[in-house]
Every structure is written in structure tokens, then in C-alpha cells.
Protein chains: 2
Amino acid sequence: MNIGDVSRESGVSTKMIRYYEEIGLIPAAHRTEAGYRTYSDKDVHQLRFIRRARDLGFSVTQLAELLTLWSDGHRASADVKRIARQHIAELEHKIQELRAMTDALKHLAEHCHGDHRPECPILEDLAGAVEVEARHMDLTRFGAGGVDPVRRKKEIH
Amino acid sequence: MNIGDVSRESGVSTKMIRYYEEIGLIPAAHRTEAGYRTYSDKDVHQLRFIRRARDLGFSVTQLAELLTLWSDGHRASADVKRIARQHIAELEHKIQELRAMTDALKHLAEHCHGDHRPECPILEDLAGAVEVEARHMDLTRFGAGGVDPVRRKKEIH
DNA sequence: TTAGGGCTTCCAACGGTCGGAAGGTCAAGC
DNA sequence: GCTTGACCTTCCGACCGTTGGAAGCCCTAA
């Protein structure tokens, strides 16, 4: 099987398969005389494993641990469970952060009239609630939409 | 004020201030004869605005829009609300994804004994539930923990 | 033999932030 | 005036995971 075949069968792009090989997550594939990578059904199976774990949000580092455990017939399921629990904790922490953001934003958005008038509690909060009056007086000349600077390698889309 | 002062007062690192200038999010600062950037209280104000918006998870692109609106005395609050609502939707979508991951993982972890034995529903699910038997028979030789490949620029920690 | 697709490697970009090197500048203390 | 140390400058790279593209070789069917 060539790399394109395993890619289709495993759902992992050829780019990523080569990358995983490069970082040592998967062993280097055998090569044909022409230098083509060749794969077996077992490799497809392993890449599917990787794909699923990635879909569950495991990092590549965690994935390496899981693969080692997967390959170890004498593993203790406690080790797997530990990795999973740790990942769950990370995910829940992330969720908490996002929740806090959305709650704060929703609260602000609810109090914004959302009409043609310029008054907006969202901007006022971002500017700093204490300084609302000052902002109205003399801070209206800011902005990124003005004269366009040089913009070397990156720019805002 | 030098860049270090604004950084301390705004909570935005000097690295990021230079970066924001480079991508055109903020205008290029004035320079002293020696080439040092100089800033005013208004710049501190603006950077605080940026800091708060970033803390709320707005992307730099969205930030550019918000800054433009902030600087526009004739803006309609509806525009700000639209950006906020869009961002809320993105955040909630992300939360949903993470929720789905944690739910799936929790379900698996609950059914894992977590003891010394190798049997583990977490790994079995990752390997593909249908092929559990096959895995036990002949797929135990996989793994990233084997012979360490060359590892050029990147490696797994 | 030619055309097309697949394969190879290498280089860069994305977003946002940080670390560090190499060198110039400024203030204080001697 | 000189040294010291904190600050500033630019430039380059790393992080993580993924994608895009270029340039060139290989394979197969027509």
C-alpha cells in the first residue's frame, strides 16, 4: 500500500502521516526502490487509532504514551485511565475558561441596545468601566483602521 | 513613556506590543532620536482595551474591527453587538466540541477498571470496537516507544 | 511515448506568544 | 569620564498541528 491508500483508509492525511513519522510517533515506513513508503493493514489500524485519539483531543505527546501502552500487552489499564483522566481534566479546565468568557460576553451583549446609536456597554467595558466618561471626551481617535502601515510578513485579514 | 512602561501599565508584553504594531493592529509608535518607541496615556488606554478583548477570547481580527468601532464616534452599537454575538457563537461551538470529547472520554473511563490488568475499554475503543479481538491476537507490536528514529527538527517530549 | 496522477523532499504559513542573541542607549554611581 | 546594569532595538526561531505549494522523480494506462 502506498501512502495515499493508507491515508484514505485511515482518514489521516498524507501530510500528517509523514509528519508523525518525522517526529517519531510512528516508525519509519519501509521504502520501495524508488523511495515510496509502503504500508500494511496494521499501519492502517494504527493510524486509525491515532485518528480517533486526536478526535478525542489527545495531544500528540499523550498519543505517544497511549500508543506505547497499546503496544504493551502487559500494560496496566490504570495507566491508560490516568492519561484519560488527566486529559479530561484539561478539557474541563478549557471548557470552564470558555464558559467564563461566554458568560461575561453574553451579559454585556444583553445590555447592548444593538441599534443605530453609538452607546455600547460592550465597548465601554473593554475600555474600562471607570473611564467611560474620559473615553467619550478624548479617546475617540484610536483605531487600527487608519493609515495602513507597512505590514511585513503578516497582516490582519 | 517607553515600551516597558506601557507594558507594565497595560498588561501587554513588550513582545506583543511590537507584534501588534507590526501587523497593523495599532499605529506605529513615535520614536526618539535613538529609535526608542514612545507612548502616551492614550496608548496605554488602547492597549488595555486590547488586553481585555483578548482576555475575552476575541481574535486579533475581531479586535481590529472592535478597535475601528471604538474609534468611530458614529458607530452603531448594533455592529459591536454583531461581532460579540458572532464570537459568542464561536465560543459556544468550541465548548460543544470539548463537551462531546469529555463526555465520550468520561464514559470510557468509567468502564475502565483502572487496575493492574491490561484489559482497557479506552484503548479498545480507540483501536476500533469491531476489531477488539483482532487487536488482542496480532496487533500488539505497534507503538512509538520502540527504536527512536532520527527526529530532525521536532520531537515528542 | 506521452499524459496524468502519485510520490518524494523542502520551505512556508496559519495564530499568538515567548525566548534569546547581538548590539545600541540611558541613567546612576564612582 | 568610565563602568555597570537595565532598558531598548531588530532578527530569528520555537511552540502545536495542519495545510499549501513548488520542483522533481516514478508509475501506469492509453
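The basis for the numbers below is simple: all heavy atoms, side chains too, and nothing from hydrogens, waters or symmetry mates. Protein chains get the first letters and strands the later ones, always in sequence-line order, with residue 1 at the start of each. From a predicted model like this one, the values you see are computed outputs, not experimental measurements.
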> In whole angstroms, how far is the C1' atom of dG17(D) from the CD1 atom of Ile50(A)?
Replying inline: 13 Å
> Phe58(B) CZ to dG15(C) P: how many Å, rounded?
Replying inline: 18 Å
> For Arg31(B) and dG24(C), is the shortest distance between a side-chain N/O and OP1 or OP2 below 4.0 Å?
Replying inline: no
> With a 4.0 Å cut-off on heavy atoms, is Arg18(B) in touch with a base, just the backbone sugar-phosphate, or nothing at all?
Replying inline: base
>> Does a side-chain N or O of Ser13(A) approach OP1 or OP2 of dT19(D) to a distance below 4.0 Å, or not?
In response: yes
> Are Asp103(B) and Lys106(B) close enough, and set up right, to give a salt bridge (charged side-chain N to carboxylate O under 4.0 Å, His left out), and what steps lead you there?
Replying inline: CA-CA 5 Å; Asp103(B) 289 349; Lys106(B) 275 182 175 173; 5.4 Å; no
> Could you state the CD-P distance from Glu22(A) to dC15(D), rounded to the nearest angstrom?
Replying inline: 12 Å
> So, is Tyr19(B) near the phosphate of dC18(C), with a side-chain N or O under 4.0 Å from OP1 or OP2?
Replying inline: no
>> It should be established whether Arg54(A) places a side-chain nitrogen or oxygen under 4.0 Å from OP1 or OP2 of nucleotide dG17(D).
In response: yes
> Checking all strands, does Thr14(B) fall into the base, sugar-phosphate, or nothing category for heavy-atom contacts under 4.0 angstrom?
Replying inline: nothing
> Under 3.5 Å, is there a donor-acceptor pair between the side chain of Asn2(A) and the main chain of Gly4(A)?
Replying inline: no
> Are Arg99(B) and Glu92(B) close enough, and set up right, to give a salt bridge (charged side-chain N to carboxylate O under 4.0 Å, His left out), and what steps lead you there?
Replying inline: CA-CA 10 Å; Arg99(B) 262 269 91 84; Glu92(B) 292 192 327; over 6 Å; no
> Are the side chain of His111(A) and the backbone of His107(A) linked by a donor-acceptor contact shorter than 3.5 Å?
Replying inline: yes
>> Quick check on DNA chain C: between Ala34(A) and Met16(B), whose nearest nucleotide comes earlier from the 5' end?
In response: Ala34(A)
>> If you count every heavy atom of other residues, nucleotides or ligands that lies below 6.0 Å from Arg82(B) atom CZ, does the total exceed 12?
In response: yes
> Ile3(A) side chain: which of dT8(C), dG17(D), dC8(D) is closest?
Replying inline: dT8(C)
> How close or far is atom C1' of dT8(C) from atom CG of Asn2(A), stated in whole angstroms?
Replying inline: 12 Å
> In whole angstroms, how far is the P atom of dT10(D) from the CD1 atom of Ile17(B)?
Replying inline: 13 Å
> Does Tyr36(B) make a side-chain donor-acceptor contact with the base of dG24(C), cut-off 3.5 Å?
Replying inline: yes
> Heavy atoms under 4.0 Å, any strand shown: does Thr32(B) hit a base, just sugar-phosphate, or nothing?
Replying inline: nothing
> Below 3.5 Å, does any donor atom in the side chain of Lys15(A) face an acceptor in the base of dG21(D), or the other way round?
Replying inline: yes
>> Does dC7(D) have OP1 or OP2 under 4.0 Å away from a side-chain N or O of Arg37(B)?
In response: no
